[in-house]
Amino acid sequence: MFRDIAEIMSKDFDGKEVSIRGWIWRTRGSGKIVFPTMRDPSGVIQVTVKKGNLPDEQFDGALRALIESSVEITGTVKADDRAPGGFEILATGFNVVGFADAYPIQKDQSEEWLRENRHLWIRSRKMVAIMKIRHTVVGAIHQYFREHGYYEFDPPVLQPNQCEGGSTLFEVKYYDMKTYLSQTWQLYAEAGIFALGKIYDVAPTFRAEKSKTSRHLCEFWMAEMEAAWMQLPEVTEVAKEEIKFIISEVLKNNRAELELLERDLSKLEVCLEKPFPTITYTEGLEMLKKDGMKVEWGKDLRTLEEEGIMKHFDTPVVVTHYPKEIMAFYKPTDPSAKAPGPVAKCFDMLAPEGGMEIVGGSERDTDIAELSKYLERDGENPANYQFYMDLRKYGSVPHSGYGVGVERLIQWICGLDNIKDTIAFPRTTTRITP
RNA sequence: GCCGUCGUAGCUCAGCCUGGUGGAGCGGCUGACUGUUAAUCAGCAGGCCACAGGUUCAAAUCCUGUCGACGGCGCCA
């Protein structure tokens with residue numbers, strides 16, 4: 001019976017014989033003794049292989065096996081202060097299943113090299129920790145929505161229309177026609193709510209933005225929700241509650257991983273203790289003006305400005321009511337809002353420690369004339385949105401939704417410099433391999 | 001799209017300013033060592049100096065162009 005390494009790193013196993021299997025993480029040897037440190041998905045443990053304790057050909061195998069060789073080991077667990085982690089296995093059997101070539105990833109590595117060798121780098125302790133946290137985050141999203149009466153609803157990935165701006169679409173050959181990879185599920189979600197009421201999904205999203213930043217991927221996962229009858233004030237509260245739940249699940253399940261990533265846990269814990277504030281775009285600008293920043297009403301918040309606003313907060317913040325003119329066509333004007341110009345019933349959620357946008361959402365416009373006007377503004381033909389307009393003709397209701405950038409959320413939760421580390425195989429403007 | 005940085009051994013880099021026989025560390029291989037934590041010590045192998053032109057007696061080094069990678073901005077999640 002093979003056991004997980006994490007399981008045997010305790011006093012209960014001290015002195016007992018165990019078998020493990022995994023890969024050589026580090027190794028060091030002399031003519032008579034070898035110290036391979038083994039890893040498996042659960043953890044690492046040092047193994048001590050002494051000549052004479054096992055057949056000579058197995059000792060020779062231990063001496064010859066390079067990093068990442070796959071091995072089955074039998075031996076006795078011993079507490080030993082000289083071993084990293086406090087426990088080691090004194091080997092009596094060492095069966096090399098697959099000898100590894102010289103491993104290309106060593107101690108001095110450039111970011112570029114690690115991306116070139118991502119298929120191997122995901123074995124690293126750092127990537128394993130991040131992928132385990134990702135597992136918790138995505139699981140929490142499903143759990144949150146299912147426990148709150150939402151149905152999972154899957155939209156098509158191949159879509160004929162734009163939604164967030166035509167220049168950022170990936171075009172796909174579709175028999176003798178052309179179509180595009182999904183930028184959002186939104187148009188289809190707005191149809192789905194008339195059947196299911198409250199829906200959500202977690203799905204891949206494709207945007208051909210030419211963004212070369214540490215916060216952008218061309219292929220990323222978006223966790224979206226859409227709900228009939230829901231209006232802006234309510235939907236922002238749903239978003240806050242969802243994010244809070246995700247953070248609590250990560251803190252509950254992934255403390256060891258966060259510590260391995262050297263994440264300051266207090267930055268996450270404070271988010272469970274306090275409510276997330278809601279401010280308007282206009283109020284945000286006032287804060288920036290008080291800080292001496294030059295800002296102009298009517299322009300979108302830039303990275304610098306989002307960072308400036310978030311200096312005042314240590315939890316995520318919802319910013320509502322951005323200027324109507326700079327928003328996507330489906331975000332409706334809020335006639336009752338007090339602002340220097342027309343503003344939309346929309347919101348972003350900004351993360352602390354830098355002001356990254358982790359959520360974007362809005363109420364959806366139900367006025368066919370308004371929708372047509374703003375589609376034309378964007379150079380689109382409203383006739384191509386027949387099905388979308390139909391939704392306003394057959395029992396229209398107020399409704400709202402938002403999308404969470406899964407990788408952005410993970411990046412902030414893990415405290416990572418670069419979003420490319422939040423996903424096993426990142427797709428960027430310049431990389432589609434491995 | 002704009003701005004910036006960088007392409008030299010399998011990896012990480014020095015050398016370039018001031019042109020003159022290509023260097024180090026790590027990794028690999030051989031050998032020594034029965035407690036290593038990025039082991040140590042001795043030796044060996046390993047290079048179209050991104051590519052293409054140009055200047056020069058002579059180019060990794062100077063000039064021009066191309067390609068590639070990375071980062072920042074804008075835009076977005």
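Because the structure is predicted, anything quoted here is derived from the model rather than measured. Note on naming: letters A, B, ... go to the chains in the order of the sequence lines (proteins, then strands), and numbering restarts at 1 for each one.
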**Q** Measuring only the C1' atom in each nucleotide, how far is G35(B) from U30(B)? A whole number of Å is fine.
**A** 24 Å
**Q** For a quick check of understanding: with a heavy-atom distance under 4.0 Å over all strands, which category does Thr205(A) fall into, base, sugar-phosphate or nothing?
**A** nothing
**Q** Counting distance only, does the side-chain N/O of Lys240(A) pair as donor-acceptor with the main-chain N or O of Phe276(A) below 3.5 Å?
**A** yes
**Q** Between C41(B) and G25(B), how far apart are the C1' atoms? Round to whole Å, please.
**A** 16 Å
**Q** Let's see if you can work this out: which of C11(B), A77(B), G35(B) has an atom nearest to the side-chain heavy atoms of Ile33(A)?
**A** G35(B)
**Q** Which of these nucleotides, A77(B), G71(B), C75(B), is closest to any side-chain atom of Lys420(A)?
**A** G71(B)
**Q** Do Arg364(A) and Ser362(A) meet the criterion of a side-chain donor-acceptor pair at a distance under 3.5 Å?
**A** yes
**Q** Between atom NZ in Lys299(A) and atom P in C76(B), what is the gap in whole Å?
**A** 13 Å
**Q** Can you check whether any acceptor in the base of C76(B) is under 3.5 Å from a donor in the side chain of Arg408(A), or vice versa?
**A** yes
**Q** How close or far is atom C1' of C73(B) from atom NE2 of His216(A), stated in whole angstroms?
**A** 11 Å
**Q** With a non-hydrogen cut-off below 4.0 angstrom, is Glu112(A) in contact with a base, only sugar-phosphate, or nothing?
**A** sugar-phosphate
**Q** Just to be sure I understand the rule, does Val359(A) reach a base, reach only the sugar-phosphate, or reach nothing, if contact means heavy atoms closer than 4.0 Å?
**A** sugar-phosphate
**Q** For C67(B), which nucleotide is its Watson-Crick or G-U wobble mate, given both distances must be under 3.5 Å?
**A** G7(B)
**Q** Categorize Asn418(A) for me: base, sugar-phosphate, or nothing, with a 4.0 angstrom heavy-atom threshold over every strand shown.
**A** sugar-phosphate
**Q** Going by purine N1 to pyrimidine N3 plus the second Watson-Crick contact, or the G-U wobble pair, all under 3.5 Å, which nucleotide sits opposite U18(B)?
**A** none
**Q** Searching all strands shown, indicate the nucleotide that pairs with C44(B) (Watson-Crick or G-U wobble; both distances under 3.5 Å).
**A** G28(B)
**Q** Using a cut-off of 4.0 Å on non-hydrogen atoms, how would the nucleic acid contact of Gly31(A) be classed: base, sugar-phosphate, or nothing?
**A** base
**Q** Students often get this wrong, so: under 4.0 angstrom with heavy atoms, is Thr37(A) touching a base, only sugar-phosphate, or nothing?
**A** nothing
**Q** For G71(B), does OP1 or OP2 lie under 4.0 Å from any side-chain N or O of Arg115(A)?
**A** yes
**Q** Rounded to whole angstrom units, what separation is found between the CE atom of Met225(A) and the P atom of A77(B)?
**A** 16 Å
**Q** Check this for me: does the side-chain of Ser214(A) come within 3.5 Å of the base of G71(B) through a donor and an acceptor?
**A** no
**Q** Contact class for Gln46(A) (heavy atom, under 4.0 Å): base, sugar-phosphate, or nothing?
**A** base
**Q** Any idea which heavy atoms bring Trp113(A) and Pro104(A) closest together, and the distance?
**A** NE1-O, 3.1 Å
**Q** In whole angstrom, give me the gap between the P atoms of G19(B) and C62(B).
**A** 9 Å
**Q** Reading RNA chain B from 5' onward, which residue's closest nucleotide shows up sooner: Ile326(A) or Asp417(A)?
**A** Asp417(A)
**Q** Just to be sure I understand the rule, does Asp300(A) reach a base, reach only the sugar-phosphate, or reach nothing, if contact means heavy atoms closer than 4.0 Å?
**A** sugar-phosphate
**Q** Considering every strand shown, what is the Watson-Crick or G-U wobble mate of C76(B) when both distances are under 3.5 Å?
**A** none
**Q** Out of G35(B), C11(B), G74(B), which has the shortest distance to the side chain of Gln106(A)?
**A** C11(B)
**Q** Select base, sugar-phosphate, or nothing to describe what Leu217(A) touches, counting heavy atoms under 4.0 Å on all strands.
**A** base
**Q** When you match Arg431(A) and Met222(A) each to their closest nucleotide on RNA chain B, which lands nearer the 5' end?
**A** Arg431(A)
**Q** Nearest to the side chain of Glu88(A), which nucleotide is it out of G74(B), U37(B), G35(B)?
**A** G35(B)
**Q** Distance only, no hydrogens: is a donor on one side chain within 3.5 Å (strictly under) of an acceptor on the other, for Glu224(A) and Thr184(A)?
**A** yes
**Q** Got a donor-acceptor pair under 3.5 Å from the side chain of Ser211(A) to the base of C76(B)?
**A** no
**Q** What is the distance from CZ of Arg215(A) to C1' of C76(B), rounded to the nearest Å?
**A** 9 Å
**Q** Watson-Crick or G-U wobble partner for C62(B), using a 3.5 Å limit on both distances?
**A** G54(B)
**Q** For Phe206(A) and Phe220(A), what are the C-alpha separation, side-chain angles and deciding distance, and is it a side-chain contact (heavy atoms from CB on, under 4.5 Å)?
**A** CA-CA 7 Å; Phe206(A) 305 88; Phe220(A) 63 99; over 6 Å; no
**Q** Nearest of U34(B), G71(B), C76(B) to any side-chain atom of Ser30(A)?
**A** U34(B)
**Q** Does the structure show Phe35(A) stacking with G35(B), if we require the centres to be closer than 5.5 Å and the planes to be within less than 30 degrees of parallel?
**A** no
**Q** Which whole-number value in Å describes the distance from Arg26(A) CZ to U37(B) C1'?
**A** 11 Å
**Q** Considering every strand and a 4.0 Å limit on heavy-atom distances, what is the contact class for Gln411(A): base, sugar-phosphate, or nothing?
**A** nothing
